[in-house]
Amino acid sequence: MADDWTPPAGDLMKGKRGIVMGVANQNSIAWGIARQLAAQGADIAFTYQGENLERRVRPLVESIGMDFMIPADVTDDASMDAAFDAVKDKWGKIDFLVHSIAFAGKDELQGSMVANTTREGFRRAMDISVFSFIDTARRASEIMPDGGAMICMTYLGAERTVPSYNVMGVAKAALEAATRYAARDLGPQGIRVNAISAGAMRTLSLAGIRGGKSLMGTGRDWSLLKEDTRMEGVAGAALYLLSELGHSVAGEVHHVDAGFHVVGVPDLPEE
Ligand code: NAD
């Protein structure tokens with residue numbers, strides 16, 4: 001998916017440095033965003049979840065001529081401390097942050113939300129998918145003395161019910177609220193915080209949701225554009241929000257889903 005698209009090159013991110021969190025493989029949304037930011041001149045520190053992923057992520061990072069990679073497990077304070085220390089040591093300050101991280105257990109991402117959400121599953125989904133953004137926003141803001149921009153990734157399941165999305169929909173609703181509160185807190189420091197609500201895309205995360213493929217099909221069939229959400233649109237929106245093009249935009253949840261989110265009733269059959 002990501003490889004059939006060439007990000008437009010330019011200077012919109014020239015001289016800007018930032019952190020991209022959440023590349024797991026070439027289909028990751030974080031990877032599409034990173035490719036676009038790099039093509040516009042950004043210098044990127046990549047965090048990855050652990051050793052297993054390093055083998056997959058390193059060749060991607062090297063393919064765009066970069067090598068700054070740091071392990072970071074968002075559930076582990078020591079790991080987060082070390083990751084942000086490494087960025088501070090190398091660069092002193094940053095201009096942008098991309099948070100593209102979420103997790104809920106397979107058992108939770110199916111059937112009934114009421115029946116299948118355990119206390120532990122809820123805690124884990126909220127910790128990894130929501131608290132981690134609050135935590136990284138704080139850490140990143142401390143190394144943004146000249147202002148900057150941050151984005152996180154959300155989905156329509158925050159606003160409307162979506163089969164199987166369940167506790168992740170609850171977490172995304174909290175993430176969108178966290179985006180607004182972080183935007184309020186950090187706005188006076190010249191830091192813009194926004195979220196991108198992407199349509200369903202074929203990634204590892206989608207594969208963890210029961211019926212994920214059908215979510216993509218329905219997203220396409222119901223959408224205004226009658227097409228899948230494309231990486232270039234998501235990455236383009238990220239570029240806009242993270243560059244000077246996004247001036248005056250803060251606390252926003254920007255949909256990139258081929259218009260799916262505005263549909264109340266799908267097309268009617270011929271009578
Ligand atoms: P992905 O599986 O490629 O990315 C998810 C990332 O989260 C992975 O890199 C994984 O390593 C990371 N992660 C999970 N637990 C972590 C932890 N404890 N510490 C550090 N990293 C951890 O899938 P994706 O679809 O690219 O997901 C990225 C973001 O986009 C997520 O927030 C997801 O909810 C959101 N999103 C996805 C879709 C979609 O359809 N794929 C749609 C809208 C929003």
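When a ligand or atom number is given, it counts from 1 through the structure's own listing order. For this chain, numbers begin at 1 and follow the sequence in order.
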Exercise. To the nearest 0.1 Å, how far is atom 35 (C) of ligand 1 from its closest protein heavy atom, and which atom is that?
Worked result: M153 CB, 3.7 Å
Problem set entry | Pairing of K226 and D267 as salt bridge, 4.0 angstrom limit | yes
Seminar exercise, completed: side chain to side chain contact (heavy atoms under 4.5 Å, CB included) with V98: of L241, I19, L37, only one passes, and it is L37
Exercise. Are I143 and F68 joined in one hydrophobic group, where the rule is that I, L, V, M, F, W and Y side chains link up if heavy atoms are under 4.5 Å apart?
Worked result: yes
Exercise. Is it the side chain (CB and beyond), the backbone, both or neither of V23 that lies under 4.0 Å from ligand 1, heavy atoms counted?
Worked result: backbone
For this session: Considering only non-hydrogen protein atoms, determine which one is nearest to atom 18 (N) of ligand 1 and report residue, atom name and distance to 0.1 Å.
Result: D73 OD1, 3.0 Å
Problem set entry | Within reach of ligand 1, part of V74 (heavy-atom separation under 4.0 Å) | both
For this session: Could you check atom 23 (O) of ligand 1 against the protein and tell me its nearest heavy-atom contact, residue, atom and distance included?
Result: S205 OG, 2.8 Å
For this session: Evaluate side chain to side chain contact (heavy atoms under 4.5 Å, CB included) for M150 paired with H99, printing each intermediate quantity in order.
Result: CA-CA 8 Å; M150 306 179 183; H99 176 287; over 6 Å; no
Seminar exercise, completed: The closest protein heavy-atom partner of atom 24 (P) of ligand 1 is T203 OG1, 3.5 Å
For this session: Please state whether C152 comes within less than 4.0 angstrom of ligand 1, counting heavy atoms only.
Result: no
Exercise. Can an N or O of G22 be found at a distance shorter than 3.5 Å from an N or O of ligand 1?
Worked result: yes
Problem set entry | Mode of I29 contact toward ligand 1 - side chain, backbone, both, neither (heavy atoms, under 4.0 Å) | both
Exercise. Going by the atom numbers of ligand 1, which of them fall below 4.0 Å from some non-hydrogen atom of S28?
Worked result: 1 (P), 3 (O), 26 (O)
Exercise. Can a salt bridge be assigned to the pair E176 and K172 using a cut-off of 4.0 Å between side-chain N and carboxylate O?
Worked result: no
Seminar exercise, completed: Numbered in order shown, the ligand 1 atoms found under 4.0 Å of a heavy atom of L53 are 11 (O)
Problem set entry | Identity and distance of the protein heavy atom lying nearest atom 28 (C) of ligand 1 | S100 OG, 3.0 Å
For this session: Anything under 30° is parallel, anything over 60° is perpendicular, the rest tilted; go ahead and classify W31 against F46.
Result: tilted
Seminar exercise, completed: re atom 11 (O) of ligand 1, the protein heavy-atom contact at minimum distance is Q49 OE1, 2.7 Å
Exercise. Does D228 come within less than 4.0 Å of R220, counting only side-chain N to carboxylate O?
Worked result: yes
Exercise. Out of curiosity, is K172 lining ligand 1, as in a heavy atom under 4.0 Å away?
Worked result: yes
Exercise. Taking only heavy atoms of T154, which atoms of ligand 1 are found under 4.0 Å from at least one of them?
Worked result: 43 (C), 44 (C)
Exercise. So does D127 pair up with R124, basic N to acidic O under 4.0 Å?
Worked result: no
Exercise. Closest non-hydrogen protein atom to atom 39 (C) of ligand 1, residue and atom name please, with distance?
Worked result: M201 N, 3.5 Å
Problem set entry | For atom 7 (O) of ligand 1, the protein heavy atom that lies nearest, with its residue and separation | I101 CA, 3.5 Å
Problem set entry | Under-4.0 Å heavy-atom contact with ligand 1, by part of A72 that carries it | backbone
